[in-house]
Protein chains: 2
Amino acid sequence: MYQTFYRDQTQFYVAVDCIIFGFSEGRLSLLLLKRNMEPAKGQWSLPGGFIEAQESAEVAAARVLSTLTGLDEVYMDQLMLFSKIDRDPGERVLSVAFYALINVADSNREQVRLHNAYWRDLDDLPALIFDHPEMVHSALKRLRIEASTKPIGFNLLPERFTVPQLQALYEAIYGISIDKRNFRKKLQSMPFLVKLDEKDKTSSKRGAYLYSFDKERYEKAKLEGIHFAL
Amino acid sequence: MYQTFYRDQTQFYVAVDCIIFGFSEGRLSLLLLKRNMEPAKGQWSLPGGFIEAQESAEVAAARVLSTLTGLDEVYMDQLMLFSKIDRDPGERVLSVAFYALINVADSNREQVRLHNAYWRDLDDLPALIFDHPEMVHSALKRLRIEASTKPIGFNLLPERFTVPQLQALYEAIYGISIDKRNFRKKLQSMPFLVKLDEKDKTSSKRGAYLYSFDKERYEKAKLEGIHFAL
DNA sequence: TCAAAAGTGTTAAGTTTACACCCATGA
DNA sequence: TCATGGGTGTAAACTTAACACTTTTGA
């Protein structure tokens, strides 16, 4: 019945592009592909692809990321739609950008390699095609805002992490250095950080205590009007 | 040369929807249309329409808003793309939501009336079609975040405004009441608020001093690392 | 003259910043 | 035994929150 109402309207190709920030050894990197298809073959780009008929943008983003890089179950947030007329020099294409911050573990490092994808240091990115630089810039801006109000850092670190690791993450996100005593003080005021009895000795002889993030307690604290900011 | 690469991909109708918050007499309202066309004729909806071939989403939003409500030169920010498969029960349509906060002046009140559009109190909205309630909810959430970091309130008030007006605005946005002494104290620490010699007597016998927002000084303060939060 | 809105200061609590030394351990 | 990274406390500066009375003026 409705199907005919819109028929005079223009239709558009709509793509998704994924801005995946990775954290490893105190540094942020960005997951990029070396395009092996036209347009822009051989150039660097974000993992991206077209939305299909029966997909929401969110579903498409997950599929595209998984297909192109082998990464599954990455929780991405939508950034926004990019729609400048000439953003794709080939043809008119709109693109929804999604972003996420994940831990670059050995497991996914391999995944990624097998797919012609690479983790490139965020401070030393190659030239990117189209408006991808703008997308990355916006995503980083958004990431910083998110990181200061949501425990985005906790989602991304391995399940058990140390305070120095967490601090390094925040330092990487904001590009600043933080006083470790003050940083710990703030952490102590967060009841959803659970100190474990074990230590991680991979980065020092003494070892650093492992912590875990108690999601339930976090949700509870949030309901009661959380005071979160790192 | 490129034009043929994407031809197997699905194309989509892409709409824009405008969430226009209005401020007047201490209250927030939302600009709505009573739809006079299918689908959902007679129901309430956000002003919205399709993106055309040679438009960016931003340009389309401005055109649609102007056409449907008579409001011109409203600076809107993009919220995000809504793309659930069944969000439009008629046909598959993606929609980019844009939002803005403006002053409901007598001038635009008339404009709006002539277009079958209405300012409806935000606390007492009629049922809206499709996923428009979700859009409004997201926009309000975003507006609150923006209002706490950007001088969004200054853009929207009349060019000259009083402190009580500004306070009422922030109270409306956050749905809280604010101590007026503390509020004024914060304002005093903002060097881009200029106190004028004139008073506005429309809401009291005594009259309240008018202020204006000095955009240049604001930009300067921002560059120097602003300390802004209301 | 009085009702109604505008305007004004101080103190206590809490938060943020700056800063320097000891601890544990494996090599 | 010593080099390396992990861990701890305190004081000053600043920010936020709580709180009540006086001023102005048109009706």
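Just so you know, these numbers use all the heavy atoms, side chains as well, and skip hydrogens, waters and symmetry mates.
Counting heavy atoms from C-beta outward, B:L46 and B:M135 have side chains that approach closer than 4.5 Å.
Here A:E58 does not pair with A:R63 in a salt bridge; the nearest charged N to carboxylate O distance is not below 4.0 Å. Taking 4.0 Å as the cut-off between side-chain N and carboxylate O, A:E134 and A:K84 count as a salt-bridged pair.
B:L187 has its CG atom 15 Å from the C1' atom of D:dT16, to the nearest Å. Going from atom CD of A:Q165 over to atom P of D:dG5 covers 14 Å, rounded to whole Å. The interatomic distance linking A:Q188 (CD) with D:dG9 (C1') rounds to 11 Å, in whole Å. The distance from atom CD1 of B:I178 to atom P of D:dT15 is 19 Å, rounded to the nearest whole Å. Atom-to-atom, CD of B:E25 to P of C:dA5 comes out at 13 Å; the value is rounded to the nearest Å. Atom pair B:K195:NZ and C:dG7:C1' shows a separation of 9 Å (rounding to whole Å applied). Residue A:Q167 contributes atom CD, which lies 14 Å from atom P of D:dG5 at whole-angstrom precision.
B:Y99 has its ring centre no less than 6.0 Å from the ring centre of B:F21.
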B/S/- along nucleotides 18-27 of chain C (protein heavy atoms under 4.0 Å) is BBB--BBBB-
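The residue A:S203 sits close only to the backbone: its heavy atoms come under 4.0 Å of sugar-phosphate atoms, none of a base.
Annotation: cation-pi geometry not satisfied between A:R35 and A:W44 (NZ/CZ under 6.0 angstrom from ring centroid, within 45° of ring axis).
In terms of position along DNA chain D, the nucleotide closest to A:Y211 lies nearer the 5' end than the nucleotide closest to the other residue of the pair A:Y211 and B:K186.
In this structure, A:I102 CD1 and A:M76 CE are separated by 9.5 Å, a value rounded to the nearest 0.5 Å.
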